[in-house]
Amino acid sequence: MSMKYLVPALAAVGGAYAQSSCSVSGTTTINAAADASALSGCSTFSGSIAIATGLGEAVSIPGVRRITGDLVATNNSLIPSISADSLQIIGGAFHLDDLQILSTLSFPQLTQVDAIQWNALAGLQLLSFTTGVQQANELNIQNTQLQTLDGINLAVVDTVFITNNNYLNDISMQLGNISTSLTIESNGGNVSAIFPNLIWANNMTFRNVSQIALNSLVSVNGSLGFYANEFESLQCANLTTVGSNKGDLTIVSNQNLNNVSFPQLTKVGGGLSIQNNTDLMTVNGFPKLATITGAFDLYGDFANVTMPALKEVDGAFNIQSSSVLGGCDAFQKLKSGGEIRGKFFCNGTVAKPSGVGSNPSVTGSGSSSKSTASGAANAMYVPTAAAGVMGVVAALFGLL
Ligand SMILES: *[C@@H]1O[C@H](CO)[C@@H](O)[C@H](O)[C@H]1NC(C)=O
Ligand SMILES: *[C@@H]1O[C@H](CO)[C@@H](O)[C@H](O)[C@H]1NC(C)=O
Ligand SMILES: *[C@@H]1O[C@H](CO)[C@@H](O)[C@H](O)[C@H]1NC(C)=O
Ligand SMILES: *[C@@H]1O[C@H](CO)[C@@H](O)[C@H](O)[C@H]1NC(C)=O
Ligand SMILES: *[C@@H]1O[C@H](CO)[C@@H](O)[C@H](O)[C@H]1NC(C)=O
Ligand SMILES: *[C@@H]1O[C@H](CO)[C@@H](O)[C@H](O)[C@H]1NC(C)=O
Ligand SMILES: *[C@@H]1O[C@H](CO)[C@@H](O)[C@H](O)[C@H]1NC(C)=O
Ligand SMILES: *[C@@H]1O[C@H](CO)[C@@H](O)[C@H](O)[C@H]1NC(C)=O
Ligand SMILES: *[C@@H]1O[C@H](CO)[C@@H](O)[C@H](O)[C@H]1NC(C)=O
Ligand SMILES: *[C@@H]1O[C@H](CO)[C@@H](O)[C@H](O)[C@H]1NC(C)=O
Ligand SMILES: *[C@@H]1O[C@H](CO)[C@@H](O)[C@H](O)[C@H]1NC(C)=O
């Protein structure tokens, strides 16, 4: 719909004063900066606004406080700046994709958006969001040059997906819960993921993270995965359950990790995988872990694995270490007693330590050389989605 059909109308709001609202069916396209300033009479804009691909100047949308639909700009190599001085709410998506030189995004009053969907914003380094967005169902930021997320501090969200932002070294939010999923992957080389208030989440996946804090986390209903991170220590001091709705706890290929501590964890509703963390020499941070509904699948260079409270593993049980390994006697008793139901393996001095279903060759040499786990058929650097499936497959395999 072109701008000339847009008719600002006076509508009584709250009885106290009149406020203008404008309404279009569908999407209004802004073809020039003047089209945007013409919207200043619309306190509430009912409909969506799209910025044209060929528009080559800064766009300012003054006066509009609320857009009921989407605000969209895609595939524009010319636009340097988008601003909206009064905009508080975007009822739909704030969708920006492939805007090569966009460097200014000024939304000083924006607090609420249904979805932030930003991708391929090669010129965007910071946000001018003074009040800050606190509420969004979806936060999806990929391939930007953002250095911080200052201006986005969500209290409530369903889905967070923050990947491939190479300069982003600080991801910190006040979130209390994540109802669908959180994925953080391949951001800055020294990125922190700090969620001090997060109490429960559905799925969460962290990759390539250098510092992490999940101090308040109590439960993860689905899966929790840590892959290829740089941190040395992983503490989930308050976490009691993972996978109550069937989900795995996966700690794989974190090359500097030397201390894993989950002091309150009692149950994993899927599989537990701790694999190929080459600096992790002892696994003793699970003093209360009693029940694992899927497979228990650990391999690496450990000298000792202890799980003093373990009383049920429904899937396969596998511990393979390249080092001389202590702790197998206790697990052997659980296998003999039937507490471990699936196929059982526990031994050290394995030449190429690997996962459930592999054919480990025990050298007995006592070698403590670092494992690379390279040749293993099912060596585990797998995405979370696959890990979930493999956990189930492994559990079934163990029971057959
Ligand atoms: C982006 O714009 C270019 C040039 O106008 C066009 O050829 C291309 O199809 C557009 N891509 C998308 C995804 O719209
Ligand atoms: C989710 O977190 C928010 C913010 O901390 C809180 O207000 C809300 O009650 C939480 N919802 C649930 C279901 O836990
Ligand atoms: C993230 O980790 C993966 C797996 O190790 C690696 O291939 C990728 O290069 C890493 N990305 C960054 C940005 O470090
Ligand atoms: C990485 O970030 C942390 C803070 O999050 C900082 O203390 C540390 O110095 C940084 N390291 C490097 C190498 O920049
Ligand atoms: C665990 O949670 C309690 C209550 O929510 C909180 O007081 C405590 O500080 C948390 N522990 C850590 C290590 O953050
Ligand atoms: C996840 O678990 C929390 C706390 O146990 C619960 O409040 C929430 O409803 C669950 N969410 C889903 C999506 O199952
Ligand atoms: C094991 O972890 C290292 C990083 O420490 C990684 O380079 C390698 O690819 C991982 N191996 C497997 C089989 O996942
Ligand atoms: C691992 O971290 C926990 C919690 O901070 C600590 O109590 C424990 O001593 C650490 N273990 C090692 C071997 O450093
Ligand atoms: C393994 O650790 C347990 C508990 O810390 C200890 O009792 C046992 O002696 C250790 N075994 C070996 C072989 O180090
Ligand atoms: C474990 O490996 C040792 C050699 O280090 C071997 O003697 C022993 O039989 C193996 N045990 C099992 C259960 O395979
Ligand atoms: C949670 O993760 C599991 C296993 O990776 C996957 O099957 C499931 O689809 C994920 N659910 C959501 C809501 O992301």
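When a ligand or atom number is given, it counts from 1 through the structure's own listing order.
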J.: Between Asn254 (side chain) and Phe226 (backbone), is there a donor-acceptor pair under 3.5 Å?
T.: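 Yes: the side chain of Asn254 pairs with the backbone of Phe226.
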
J.: Going by side chain to side chain donor-acceptor pair (under 3.5 Å), Asp97 matches just one of Asn119, Asn75, Asn76. Which one?
T.: Asn119

J.: For ligand 4, is there an atom lying under 4.0 Å from some heavy atom of Ser210?
T.: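 It does not; every heavy atom stays at 4.0 Å or beyond.
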
J.: Could you list the atoms of ligand 3 found under 4.0 angstrom from a heavy atom of Ala228?
T.: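 Those atoms are 2 (O), 4 (C), 5 (O).
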
J.: Considering only heavy atoms, which of Asn190, Asn169, Asp170 lies nearest to atom 3 (C) of ligand 4?
T.: Asn190

J.: Closer than 3.5 angstrom, by distance alone: can the side chain of Asn318 be matched with the main-chain N or O of Ser354 as a donor-acceptor pair?
T.: yes

J.: Would you say Glu230 and Val191 make side-chain contact, with heavy atoms under 4.5 Å?
T.: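 They are not in contact (no side-chain heavy atoms under 4.5 Å apart), so the answer is no.
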
J.: Against heavy atoms of Gln235, which atoms of ligand 8 measure under 4.0 Å?
T.: 2 (O), 3 (C), 4 (C), 5 (O)

J.: Asn187 versus ligand 3: do any nitrogen or oxygen atoms come within less than 3.5 Å of each other?
T.: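 No, there is no polar N/O contact under 3.5 Å.
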
J.: Below the 3.5 angstrom mark, is there an N/O of Asn259, backbone or side chain, next to an N/O of ligand 8?
T.: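 There is such a contact, yes.
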
J.: Hey, does the side chain of Ser106 reach the backbone of Ser83 with a donor-acceptor pair shorter than 3.5 angstrom?
T.: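 It does not hold such a pair.
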
J.: Hey, which atoms in ligand 4 end up nearer than 4.0 Å to a heavy atom of Ser192?
T.: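 Those atoms are 5 (O).
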
J.: For atom 4 (C) of ligand 4, find the nearest protein heavy atom and state the residue, atom name and distance (0.1 Å precision).
T.: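 So the nearest neighbour among protein heavy atoms is Gln211 OE1, 4.2 Å.
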
J.: Let me know which of Asp114, Val113, Thr159 forms a side-chain contact (heavy atoms from CB on, under 4.5 Å) with Asn137.
T.: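 For Asn137, the side-chain contact (heavy atoms from CB on, under 4.5 Å) test succeeds with only one of Asp114, Val113, Thr159, which is Asp114.
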
J.: May I ask whether atom 9 (O) of ligand 4 is less than 4.0 Å from at least one protein heavy atom?
T.: no

J.: Please identify which atoms of ligand 3 are closer than 4.0 Å to at least one heavy atom of Asn208.
T.: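 Answer, ordered by atom number: 1 (C), 2 (O), 3 (C), 8 (C), 10 (C), 11 (N), 12 (C), 14 (O).
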
J.: Please confirm whether Phe317 and Phe331 have ring centers closer than 6.0 angstrom.
T.: yes

